[in-house]
Amino acid sequence: MGCCSGRCTLAFICGMQLVSVLERQVIDFLGYQWAPILTNFLHIIVVILGLFGTIQFRPKYVTGYAAWLVIWMTWNVFIICFYLEVGDLSRESDLVLTFNLSMHRSWWMENGPGCRVTPITPPPSWAPEDHRYISISGCLMDFEFIEVAHSSLQILLALVGFIYACYVVKLISEEEDSFDFIGGFDSYGYQGPQKTSHLQLQPMYMSK
């Protein structure tokens with residue numbers, strides 16, 4: 001009963017992780033943030049494998065899933081530090097999240113709740129022609145805090161998933177050990193008498 005309950009809870013957590021990271025993947029695609037896109041893709045694959053291992057009683061898959069969650073939590077802590085500009089980190093850097101392939105921006109910068117975007121015309125004389133310059137005002141929440149909230153949710157789900165993954169691996173291992181014990185007991189248990197071979201009946205002659 002405990003194993004079933006733990007597995008069902010872990011499967012539910014995996015489902016929540018898939019829904020939340022798919023939403024995040026769409027947002028990162030819209031913002032051309034290539035490093036998060038690749039990391040999200042890896043996370044989706046590992047969560048699917050962890051879900052498969054949970055359903056199919058594969059402790060190795062669940063263990064790999066738990067190990068990845070440690071890396072995933074570390075990555076999200078870095079994202080939080082990046083957007084809050086902890087230490088020498090700067091959210092204006094294009095190298096960290098886009099590999100310098102595109103201009104870094106969070107999709108929430110222009111599309112956050114209550115944000116009003118106003119194009120600046122004419123653009124500055126020094127501005128490249130392929131860039132547009134805008135003024136953003138009226139946002140109910142700054143985009144960096146929305147990104148921090150997303151990463152915090154991922155850390156929370158990963159932490160709960162890690163705890164339940166360890167619990168499920170422990171339960172599956174205990175069940176396998178109990179099955180091995182029962183099998184070993186049966187192999188040395190009482191064995192009934194073996195069937196004897198059929199006797200051949202021979203005629204008997206009585207002397208008078």
Side-chain angles (χ1 to χ4, degrees), residues 1-84 86 89 91 96-99 101-102 104-113 140-176:
M1 182 66 180
C3 184
C4 179
S5 176
R7 287 172 55 240
C8 292
T9 304
L10 183 56
F12 175 77
I13 294 171
C14 289
M16 292 290 293
Q17 286 180 313
L18 285 176
V19 171
S20 62
V21 77
L22 286 172
E23 179 266 343
R24 186 175 183 178
Q25 183 77 315
V26 172
I27 298 300
D28 289 338
F29 260 115
L30 295 174
Y32 302 102
Q33 302 188 80
W34 303 113
I37 288 170
L38 293 176
T39 312
N40 293 341
F41 181 72
L42 290 175
H43 184 59
I44 291 171
I45 293 176
V46 175
V47 171
I48 292 174
L49 292 177
L51 181 60
F52 173 79
T54 302
I55 296 173
Q56 297 294 325
F57 290 92
R58 303 290 180 87
K60 290 183 178 180
Y61 285 82
V62 182
T63 302
Y65 161 77
W68 165 258
L69 289 182
V70 176
I71 302 174
W72 179 247
M73 285 188 283
T74 305
W75 166 255
N76 281 279
V77 169
F78 168 75
I79 293 296
I80 291 175
C81 294
F82 176 80
Y83 279 106
L84 295 181
V86 176
L89 294 173
R91 55 177 174 264
V96 177
L97 297 185
T98 66
F99 304 132
L101 297 176
S102 61
H104 165 257
R105 70 180 188 279
S106 170
W107 183 81
W108 295 108
M109 182 184 294
E110 301 178 20
N111 300 276
L140 300 179
M141 181 181 293
D142 292 338
F143 73 93
E144 57 266 26
F145 297 120
I146 298 178
E147 294 285 359
V148 167
H150 274 74
S151 293
S152 300
L153 174 62
Q154 294 300 323
I155 292 174
L156 177 62
L157 291 174
L159 182 60
V160 178
F162 178 82
I163 294 172
Y164 268 94
C166 295
Y167 175 65
V168 169
V169 169
K170 176 177 176 292
L171 289 179
I172 293 176
S173 300
E174 288 177 351
E175 283 198 355
E176 289 179 348

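Note that the numbering runs from 1 along the sequence shown for the chain.
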Applying ring pair (Phe, Tyr, Trp, His ring centres under 6.0 Å), can you list everything that pairs with Tyr164, at least two apart in sequence or on another chain?
none
If I take atom [atom1] from residue [X] and atom [atom2] from residue [Y], how far apart are they, to the nearest 0.5 angstrom?
X      : Y      : atom1 : atom2 : answer
Met141 : Trp108 : CE    : CH2   : 10.5 Å
Leu159 : Ile163 : CG    : CD1   : 4.5 Å
Ile13  : Leu10  : CD1   : CG    : 6.0 Å
Ser151 : Tyr83  : OG    : OH    : 8.0 Å
Thr39  : Phe78  : OG1   : CZ    : 10.0 Å
His150 : Phe145 : NE2   : CZ    : 15.5 Å

Heavy atoms, side chains only, cut-off 4.5 Å: are [X] and [Y] in contact?
X      : Y      : value
His43  : Arg24  : no
Phe143 : Asn111 : no
Val19  : Glu23  : no
Asn40  : Asp28  : yes
Trp72  : Val21  : yes

Of Leu69, Val160, Ile80, the residue whose pairing with Ile155 passes side-chain contact (heavy atoms from CB on, under 4.5 Å)
Ile80
Determine, for Tyr167 and Arg7, whether the Lys NZ or Arg CZ falls below 6.0 Å from the six-membered ring centre while staying within 45 degrees of the axis.
no
Considering all heavy atoms, the nearest [X]-[Y] contact:
X      : Y      : result
Ala158 : Met73  : CB-CG, 3.4 Å
Leu157 : Ser20  : CD1-OG, 3.6 Å
Pro113 : Ile146 : CD-CD1, 3.6 Å
Cys14  : Gly50  : SG-C, 4.5 Å
Gln17  : Val47  : OE1-CG2, 3.9 Å

side-chain contact (heavy atoms from CB on, under 4.5 Å) partners for [X], two or more places apart:
X     : value
Phe12 : Met16
Leu22 : Ile44
Val86 : Cys81, Leu84
Val46 : Tyr65, Trp68

All pairs passing side chain to side chain donor-acceptor pair (under 3.5 Å) where residues 48-64 contributes a residue, at least two apart:
none
